[in-house]
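To find a chain, count down the sequence lines: A is the first, B the second, and so on, and within it residues start at 1. Below, each value reflects all heavy atoms present in this structure, side chains not excepted, and no hydrogens, waters or symmetry copies.
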There are 2 protein chains.
Amino acid sequence: MNKDLICPRFEKAMNIISQRWTGLIIYQLLNGPQRFSTIESTIGISGRVLSERLKDLELEGIVKREVYPETPVRIEYSLTEKGISLEPLMKDIEIWSQTWIEKDIH
Amino acid sequence: MNKDLICPRFEKAMNIISQRWTGLIIYQLLNGPQRFSTIESTIGISGRVLSERLKDLELEGIVKREVYPETPVRIEYSLTEKGISLEPLMKDIEIWSQTWIEKDIH
DNA sequence: ATAATTACTTACATAAAGTAACTAACTTAC
DNA sequence: GTAAGTTAGTTACTTTATGTAAGTAATTAT
């Protein structure tokens, strides 16, 4: 009885973006390549879930992982072209939040 | 040690949008007012969670609930001005999905 | 030898979501 | 008038996701 089905591609995109933490990780990586511990402390995600999310995002082709064998090892996460293509979307959320979300919300 | 903190308003907005099902509910309501059972079957959410989400979205001022005392009762959910203001964002996700998500993904 | 660093992983606890049956209020069919 | 149907939920219970805190591997510094 439901006339208008939801486009599966839209649904897939929404599932990626709307997974907990994913948006903040991508937003954070728009500032340039970053290491695990930086992302972890900046957005306040647990290491367990960050590790999981970065793997998923790598599989989706949104995030790229690079190893620099220094001491201690440095691993940098950055956005691929596909990841960077999400920037306008992130900016939209930013702009929306500035209009519709109150200043004093914690 | 983390220079760039995340803007709390952005974070709040992201938390709303990125909560599971929220995006699809809003997207669905862009087609106009709809009743509980229609949303439920169109996006494939469980009644338990839909009920919860609609309450949250009403509290956020994004969704409006209206009762029509017919038989059986008709209750329509629709977007407020704040809700409608999310349309450009939804369209961006739609456009992004058309470029970056494969056709044959289920 | 001990401690420190980074990028994880593991085991366990808690919170969120899915499932399916149930309810309230009313109407229509038998 | 009793049973069955309708919508918009709720409730109890199960499964899945996330949080927490400790542990690991590789390497260097003290």
> Quick check: is B:Ile43 connected to B:Leu30 through a chain of hydrophobic side chains (ILVMFWY, heavy atoms under 4.5 Å apart)?
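Both belong to a single hydrophobic cluster.
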> Contacts to DNA chain C from residues 56-75 of chain B, heavy-atom cutoff under 4.0 Å, which residues?
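Under 4.0 Å from DNA chain C: B:Thr71.
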> Side chains of A:Ile6 and B:Leu24: closer than 4.5 Å at any heavy-atom pair?
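Answer yes - side chains close enough.
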> With clusters defined by side-chain heavy atoms of hydrophobic residues (ILVMFWY) lying less than 4.5 Å apart, directly or transitively, does B:Ile39 cluster with B:Leu59?
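Each belongs to a different hydrophobic cluster.
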> Search all heavy atoms of B:Ser97 against all heavy atoms of B:Glu94 and return the closest pair with its distance.
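Nearest pair, atom of B:Ser97 first, then B:Glu94: OG-O, 2.7 Å.
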> Sort and list the pairs that fulfil salt bridge (charged side-chain N to carboxylate O under 4.0 Å, His left out) and have at least one residue in residues 68-77 of chain B, not counting sequence neighbours.
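Those involving residues 68-77 of chain B are B:Glu70-B:Arg74, B:Arg74-B:Glu76.
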> Could you list the donor-acceptor pairs under 3.5 angstrom formed between side-chain atoms of residues 49-57 of chain A and any protein atom two or more places apart in sequence or on another chain?
from	atom 1	to	atom 2	distance (Å)
A:Glu52	OE1	A:Arg48	NH1	3.2
A:Arg53	NE	A:Arg20	O	2.8
A:Arg53	NH2	A:Arg20	O	3.2

> Which atom pair, heavy atoms only, marks the closest approach of A:Val73 to A:Pro69?
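Taking A:Val73 first and A:Pro69 second, the nearest heavy atoms are CG2-CA, 4.4 Å.
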> Reckon A:Lys55 has a side-chain N or O less than 4.0 Å from the OP1 or OP2 of C:dA7?
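Checking C:dA7 against A:Lys55, no side-chain N or O comes under 4.0 Å of OP1 or OP2.
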> With ring-ring contact (aromatic ring centres under 6.0 Å, His included) as the rule and sequence neighbours excluded, what pairs involving residues 22-59 of chain A come up?
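ring-ring contact (aromatic ring centres under 6.0 Å, His included) check on residues 22-59 of chain A returns A:Tyr27-B:Phe10.
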> Compute the bend angle of the helix from C:dA1-D:dT30 to C:dC30-D:dG1 from the end axes (five pairs per end), rounded to 10°.
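The angle separating the two end axes equals 20°.
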> Quick one: side chains of residues 79-89 of chain A, donor-acceptor pairs under 3.5 Å with protein atoms, not counting sequence neighbours, listed by atom name and distance.
from	atom 1	to	atom 2	distance (Å)
A:Thr80	OG1	A:Gly61	O	2.5
A:Thr80	OG1	A:Ile62	O	3.2
A:Thr80	OG1	A:Lys82	N	3.3
A:Thr80	OG1	A:Gly83	N	3.2
A:Lys82	NZ	A:Glu60	O	2.8
A:Ser85	OG	A:Lys82	O	2.5
A:Ser85	OG	B:Trp96	NE1	2.7
A:Ser85	OG	B:Trp100	NE1	3.1

> Would you please name every residue forming a side chain to side chain donor-acceptor pair (under 3.5 Å) with B:Arg35, sequence neighbours left out?
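With sequence neighbours excluded, B:Arg35 shows a side chain to side chain donor-acceptor pair (under 3.5 Å) to no residue whatsoever.
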> Output every pair passing ring-ring contact (aromatic ring centres under 6.0 Å, His included) with a member in residues 39-74 of chain B, not counting sequence neighbours, ordered by first then second residue.
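Qualifying pairs, neighbours excluded: none.
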> Reading nucleotides 14-19 of chain C from the 5' end, what letters show protein touch, with B for base, S for backbone sugar-phosphate only, - for no heavy atom under 4.0 Å?
---BBB
> Could you tell me the boundaries of the chain A footprint on DNA chain D, defined by atoms under 4.0 Å from its heavy atoms?
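First-to-last contact on DNA chain D, by the 4.0 Å heavy-atom rule, is D:dT18 to D:dT28.
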> Identify the two heavy atoms, one from A:Arg9 and one from B:Ile101, that lie closest to each other, and give their separation to 0.1 Å.
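Looking at all heavy atoms of both residues, the shortest contact is CD-O, 3.0 Å.
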